[in-house]
Amino acid sequence: MPPRRPDPRGRESVTAVLAALDAGADPDADALKIAVRHLLQLLATRHPGHALEVRVPPVAAVQCLAGPRHTRGTPPNVVETDPVTWVRLAAGRLSWASAIGSAVVQASGPRADLAAYLPLVG
């Protein structure tokens, strides 16, 4: 299956979601989905590979980082979080250490550490 085409609304959706979060409001659901997909695509494009699966249910998941390719069953290296936390991490509004420490991110496997790859946008 070919990769999904980038949504041209990706950047503006990230901006809209961050503005809503900064204002203490819930972000628009469609903007949040677009922002999550956009940021996951950035991660996979900048750090290609199949060693780590990053899941943001129910929106999307990507494989990234160089290393052994996973083909069957549960991947050995998985990061999973909710959509708002992913946007905050990818935008540098939440540190990897804080996210892990507060258990808003679940990371398993020896390559399940995104600290060196985040933030994706400033």
Looking at [X] and [Y], what are the two nearest heavy atoms and their distance?
X    : Y    : answer
A31  : S13  : O-CB, 3.5 Å
A112 : N77  : N-OD1, 4.2 Å
C64  : A44  : CB-CA, 4.2 Å
G67  : A51  : CA-CB, 3.8 Å
Q106 : V104 : NE2-C, 4.1 Å

By side-chain hydrogen bond (donor to acceptor under 3.5 Å, both in side chains), which residues pair with [X], not counting sequence neighbours?
X   : value
T81 : none
D28 : none
S98 : S95
D26 : none

Does the side chain of [X] reach to within under 4.5 Å of the side chain of [Y], using non-hydrogen atoms?
X   : Y   : answer
D7  : H38 : no
V54 : L43 : yes
L21 : P27 : yes

Find the distance between [atom1] ([X]) and [atom2] ([Y]) and round it off to the nearest 0.5 Å.
X    : Y   : atom1 : atom2 : result
D30  : R9  : CG    : CZ    : 7.5 Å
L94  : W86 : CG    : CH2   : 11.0 Å
L120 : H47 : CG    : NE2   : 6.5 Å
L118 : W96 : CG    : CH2   : 7.0 Å

Would V79 and L52 count as a side chain to side chain contact (heavy atoms under 4.5 Å, CB included) if you check the C-alpha gap in whole Å, the side-chain angles of each, and the deciding distance to 0.1 Å?
CA-CA 8 Å; V79 168; L52 174 67; 3.9 Å; yes
Do R37 side-chain atoms and G10 backbone N/O form a donor-acceptor pair below 3.5 Å?
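Absent.
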Restricting to pairs with a member in residues 86-105, which pass salt bridge (Lys or Arg N to Asp or Glu O under 4.0 Å), not counting sequence neighbours?
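Those involving residues 86-105 are D22-R93.
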With a 4.5 Å cut-off on side-chain heavy-atom distances among I, L, V, M, F, W and Y, is there a chain of contacts connecting I34 to L89?
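No; tracing contacts between hydrophobic side chains, which count when under 4.5 Å, never links both residues.
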Pairing residues for R55 by the side chain to side chain contact (heavy atoms under 4.5 Å, CB included) criterion, not counting sequence neighbours:
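Residues passing side chain to side chain contact (heavy atoms under 4.5 Å, CB included) with R55: E53, P57, A61, P75, V78, E80.
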